[in-house]
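Notes follow once the structure below has been shown.
As the structure is a computational prediction, the values presented were derived from the model and not from experiment. These numbers come from the heavy atoms of this one structure, side chains and all, not from hydrogens, waters or symmetry mates.
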Amino acid sequence: MKSDKIVLLGMMPAELKTVVQQLGMPTFTASQIAKWLYEKHVRNIDEMTNLSKQNRERLSAGYCVGAMEPIDHQRSKDGTVKYLFPVRCSGLSEDSGLPDKYVETVFIPDGDRGTLCVSCQVGCKMNCLFCQTGKQGFSGNLTAADILNQIYSLPERDLLTNVVFMGQGEPMDNLDNVLKATNILTADNGYAWSPKRITVSSVGIRGKLKRFLDESQCHVAISLHSPLPDQRLSLMPAEKAMSITETIDLLRQYDFTHQRRCSFEYICFAGLNDTMDHARAIVRLLKGLECRVNLIRFHQIPNVDLPAADEQRMEQMRDYLTSHGVFTTIRASRGQDIFAACGLLSTARQSEQKQ
């Protein structure tokens, strides 16, 4: 997987223009390369047939497409597919001696919709109590190429209708690469997707969340999990650095009344955060903010003593919140049998086996 060649995948059109100029190629070649990458998804430079043979050879001398196929996959009985992708990770030197890294990516088919849950880090620093990825620790940030490759090399790529940054890692903790990837997905010379097709999640990180809201029009999803700051802190250490009240105060400065959507993710734990007192506190917390709440079933992870709320209690919360002006849904749990459901992604074992 290591290579001295520079990866083209993940380059913005302006970066491709710099590349061709440095190689003495016509400026319009940059848009040709972008089309081969982001429309045609070529695997190697030789496939870029409207570039002259000389220019292909010149480009191939120092550059490669950089696409990497998944090395493993598991298929759930409900049709969900979990893929294991190799990644390069930014900040790791070629001679670091570290093992190859991997991330899990989940494709969720649903009628005429196809959702891809992509990862942005190997592991995660946030260490939320209920999340298996956080138990893995943190090994590195994915590059923009790593993030886009999960789409680029996905066997079901042509079936995708939307992408959610809800896999491994905290997107705001790798914001430069996440923004670069989403910019390429929405650029006219990139994938030319509508930002409405992309949702980026966050626990809320001071400075980073504001920058994302300012620089992107993609949907945002905030990990809530409790409306009570002290209780949220016991579940999510990130509450100490940026409280949920600060996060919501920030969100109130933006317009979510049109196409851009704000949502809150809420895993329900029996007797802990699924009471009517919590429901009332959520209504107070979100009052006046155009948003929706997604209630999520808890999937048990090792060494974490948290009980899952039952279906009836979740339905009661949903009905109460919706009747009090907070549109709420219960998210369908997909891929639990292959550990692809919310909070279950981890690649610690794969990395250990490679050492």
Side-chain angles (χ1 to χ4, degrees), residues 9-17 34 37-39 87 90 103 105-106 113-121 124-126 141-152 154 157 160-224 238 241-242 244 246-265 286 289-294:
L9 178 62
M11 285 192 180
M12 297 286 289
E15 293 175 298
L16 293 172
K17 184 177 179 180
L37 290 172
Y38 303 127
E39 288 186 32
V87 294
S90 60
V103 292
T105 306
V106 181
R113 290 172 57 84
T115 299
L116 189 67
C117 183
V118 300
S119 295
C120 63
Q121 294 180 314
C124 185
K125 300 175 187 175
M126 301 301 110
N141 286 321
L142 270 60
T143 64
D146 289 328
I147 295 170
L148 289 173
N149 185 62
Q150 296 167 69
I151 300 168
Y152 200 96
L154 183 78
R157 181 187 63 234
L160 289 182
T161 58
N162 58 303
V163 167
V164 295
F165 283 71
M166 297 181 182
Q168 293 175 254
E170 162 58 48
M172 302 304 145
D173 195 40
N174 187 18
L175 185 56
D176 286 340
N177 287 311
V178 168
L179 279 175
K180 190 174 184 182
T182 57
N183 285 340
I184 291 171
L185 287 172
T186 56
D188 289 340
N189 287 336
Y191 280 76
W193 284 11
S194 165
K196 293 188 297 182
R197 298 176 63 178
I198 305 167
T199 301
V200 180
S201 68
S202 180
V203 299
I205 295 182
R206 185 177 286 108
K208 299 293 185 68
L209 179 58
K210 184 180 190 305
R211 184 181 159 204
F212 171 77
L213 293 167
D214 288 339
E215 297 183 22
S216 172
Q217 285 300 309
C218 296
H219 299 319
V220 62
I222 301 298
S223 298
L224 176 57
M242 186 177 184
I244 191 59
E246 287 180 276
T247 299
I248 291 172
D249 286 344
L250 174 62
L251 292 168
R252 291 186 190 282
Q253 300 173 28
Y254 296 83
D255 184 3
F256 297 104
T257 61
H258 298 291
Q259 293 184 335
R260 193 181 197 185
R261 188 170 64 235
C262 173
S263 59
F264 291 87
E265 310 297 298
L286 303 182
L289 178 64
E290 185 70 26
C291 64
R292 64 179 61 190
V293 171
N294 297 313

Taking atom [atom1] of [X] and atom [atom2] of [Y], what is their separation to the nearest 0.5 Å?
X      : Y      : atom1 : atom2 : result
Leu213 : Asp255 : CG    : CG    : 12.0 Å
Asp173 : Asn141 : CG    : CG    : 6.0 Å
Met242 : Lys210 : CE    : NZ    : 10.5 Å
Ile222 : Ile248 : CD1   : CD1   : 8.5 Å
Tyr254 : Cys262 : OH    : SG    : 12.0 Å
Ile198 : Leu116 : CD1   : CG    : 11.5 Å

Taking [X] for its side chain and [Y] for its backbone only, find out whether a donor-acceptor pair lies under 3.5 Å.
X      : Y      : result
Glu170 : Lys125 : no
Arg261 : Phe256 : no
Asn174 : Leu142 : yes
Ser119 : Gln121 : no
Asn149 : Ala145 : no
Glu265 : Ala221 : no
Arg206 : Ala241 : yes
Thr161 : Gly114 : yes
Arg197 : Leu160 : yes

Looking only at non-hydrogen atoms, find the nearest pair between [X] and [Y] and report the distance.
X      : Y      : answer
His219 : Phe212 : O-CZ, 4.1 Å
Ala238 : Val203 : CB-CG2, 3.6 Å
Gly204 : Leu209 : CA-CD2, 4.2 Å
Val178 : Pro171 : CG2-O, 3.6 Å
Gly10  : Ala144 : O-CB, 4.1 Å
Cys117 : Gly167 : SG-N, 3.3 Å

Determine, step by step, whether Val293 and Leu286 satisfy the side-chain contact (heavy atoms from CB on, under 4.5 Å) criterion, reporting the C-alpha distance in whole Å, the side-chain angles of both residues, the deciding distance to 0.1 Å, and the verdict. CA-CA 10 Å; Val293 171; Leu286 303 182; 3.8 Å; yes
[X] vs [Y] side-chain heavy atoms within contact, under 4.5 Å:
X      : Y      : value
Met172 : Val200 : yes
Leu179 : Arg211 : yes
Thr199 : Asn162 : no
Ile151 : Leu185 : yes
Val118 : Val103 : no
Leu37  : Ile184 : no

Have a look at Tyr38 and tell me which of Tyr152, Tyr191, Trp193 forms a ring-ring contact (aromatic ring centres under 6.0 Å, His included) with it.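 Exactly one pass, corresponding to Tyr191.
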Consider only side-chain N and O atoms of Asn177 and Thr143, and report whether a donor and an acceptor are under 3.5 Å apart.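 No pair is found: no donor N or O on one side chain lies under 3.5 Å from an acceptor on the other.
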Counting neighbours of [atom1] on [X] that are heavy atoms of other residues, nucleotides or ligands and sit closer than 6.0 Å, is the number greater than 12?
X      : atom1 : value
Asp188 : CG    : no
Arg157 : CZ    : yes
Lys180 : NZ    : yes
Gln259 : CD    : no

